[in-house]
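Below: the structure, in structure tokens.
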Number of protein chains: 2
Amino acid sequence: MPAKMIPDIVIGRMPIYLRALTRKYQSGRTVTSSQELGERLGISAAQIRKDLSQFGEFGKQGTGYNIEFLIQKIQEILKVNRIWDVALIGAGYIGHAVANYGGFHKRGFQITKIFDTDPSKIGKEYNGIKVQDFSTMKTEIQKAGIQIAMLTVPAEAAQEVADQLVEAGVKAILNYAPVSLKVEKGVRVQHIDPAVHLQNMTYYLD
Amino acid sequence: MPAKMIPDIVIGRMPIYLRALTRKYQSGRTVTSSQELGERLGISAAQIRKDLSQFGEFGKQGTGYNIEFLIQKIQEILKVNRIWDVALIGAGYIGHAVANYGGFHKRGFQITKIFDTDPSKIGKEYNGIKVQDFSTMKTEIQKAGIQIAMLTVPAEAAQEVADQLVEAGVKAILNYAPVSLKVEKGVRVQHIDPAVHLQNMTYYLD
DNA sequence: TAGATTGTTAATCGATTAACAATC
DNA sequence: TAGATTGTTAATCGATTAACAATC
């Protein structure tokens, strides 16, 4: 148990800050302020300062935040100042797209294993990684000590695969299947479901 | 201005309820309760009842909610009791995967237009839809009166494309590019960024 | 120094939960 | 009827904002 419990909602904003700061850094800026960042993100300056102050004092009165330094600090906080191995389950269209996405590495992740049940896919290489037989998943993930998985299997299979992942020791699942997964405490799940996001916006349309 | 202002956070949970209810319905169930639904989703029964009561009285004391009826009501609330035309901008790996995803239609959406700048892609068909030249995007979207777009272009291009979409009359953007988009009031944006979701979970790993 | 911006406290605002009368 | 579950109110809890002393 950490000395100070930091709310999930604050943790959830940190990757957003990191992404914006990295972008600013790439554009050549060296310093920013809570106000500037807030305007960029549509978040109040007070909230950004409050969020950051949960983890330490990273700014300087009068001048603001050194971007490179703040990036480092947030990377440390989120533990992405390293590269996490990720297993990808499901080598369909979405799995293929995810496997070929080049942006993971510089944000702390690399896909090192891909699994599928389809014999026509097993043995093929996606972005240099061989698709392995799903039946070997559990032992392979255990052996490799992988803690993170991305799930791009059909909705019907998702819960069963998730159960196996948890048994294999996976502690974080990014689920692309359009179902709410149930997992034991101590395992984190995040959902990506484009239809859910779209339905969220249609309420406001006419 | 609606008579009663319903919080965004409540709207955000409605598609989740809808997804779970649809699944229950498909499995042959006809009735459910706030408690059962809550257990399934990891949400308190009280919150589900409170959320639903914002829109009307859909349940019966003693028995709970008729699933088919509640599905209909939520579809009406979210305005997905119709099919929305969606434009897809960017025909790379992700765009390709999204175009081929078969689950949109039964959830209220169909991709009717695809645009890209790459001459090697223009003219090709993705899931029966011809990829059109990006330079025609604005007029085509305007002509078709499309209000929803999915953005699967590189990060560098995303803001510029979003600006053009808004000029064309688009009111809802689902953005797959890893940047925070700035849009004028009255336009809704939702972000899908797998690295952000993953970074959110690594905080809790060790 | 004068101006700017942080980190933090207290006040406000909003969301969640607990409890229960109503009623199927 | 007896048991179950809703819709809603009031209480609690948590998150956001405003304000400002500290200080670069």
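Each chain gets a letter, A, B and so on, in the order the sequences are listed, and its residues count up from 1. Note that the coordinates shown come from a computational prediction; the quantities given were computed from them, not determined experimentally.
Here D:dA15 sits opposite C:dT12 as a Watson-Crick or G-U wobble pair (both hydrogen-bonding atom distances under 3.5 Å). Pairing for C:dC20 goes to D:dG7, judged as Watson-Crick or G-U wobble with the two contacts each under 3.5 Å.
When distances run from any side-chain atom of B:Tyr65 to the nucleotides D:dG7, D:dT23, C:dA15, the shortest one goes to D:dG7. The side chain of A:Ser33 lies closest to C:dT5, out of C:dT5, C:dT8, D:dT16. Comparing atom distances between the B:Glu57 side chain and each of C:dG7, D:dA22, D:dG7 picks out D:dG7 as nearest. The side chain of B:Ser53 approaches D:dG7 more closely than any other nucleotide in the set C:dA22, D:dG7, D:dA15. Distances from the side chain of B:Pro7 to the nucleotides D:dG7, C:dA15, C:dT8 place C:dA15 closest.
In this structure, A:Ile9 places its CD1 atom 18 Å from P of D:dC13, rounding to the nearest Å. Regarding A:Arg49, its CZ atom lies at a distance of 11 Å from the P atom of C:dT8, rounded to whole Å. Regarding A:Gln35, its CD atom lies at a distance of 14 Å from the C1' atom of D:dT17, rounded to whole Å. Distance CE (A:Met5) to P (D:dC13): 16 Å, rounded to an integer number of Å. The separation between B:Gln47 atom CD and D:dC13 atom C1' is 13 Å, rounded to whole Å. Rounded to whole Å, the distance from CG on A:Asn66 to P on C:dT6 is 13 Å. Summarising the geometry, the separation between CD on B:Gln54 and P on D:dT8 is reported as 10 Å, rounded to the nearest angstrom. For the pair A:Leu52 CG and C:dT8 C1', the interatomic distance rounds to 14 Å; values are reported in whole Å.
Here the straight-line distance linking atom OG1 of B:Thr202 with atom CD of A:Gln75 works out to 10.5 Å at 0.5 Å rounding. Here the straight-line distance linking atom CE of B:Met201 with atom OH of B:Tyr203 works out to 15.5 Å at 0.5 Å rounding.
Of the residues near DNA chain D, A:Asp51 and A:Lys60, the one whose nearest nucleotide (by heavy atom distance) lies more toward the 5' end is A:Asp51. Toward the 5′ end of DNA chain D lies the nearest nucleotide of B:Lys50, the other residue of the pair B:Lys50 and A:Ser44 mapping further downstream.
A perpendicular orientation is assigned to the rings of B:Phe58 and B:Phe69, their planes being inclined by more than 60° (bins at 30° and 60°).
Phosphate proximity of C:dT5 to A:Ser34: absent, as no side-chain N or O sits under 4.0 Å from OP1 or OP2.
A:Arg40 and B:Ser180 are not linked by any side-chain donor-acceptor pair at a separation below 3.5 angstrom, with hydrogens and angles left out of the test. Between the side chains of A:Asp163 and A:Gln159, at least one donor N or O lies within less than 3.5 Å of an accepting N or O.
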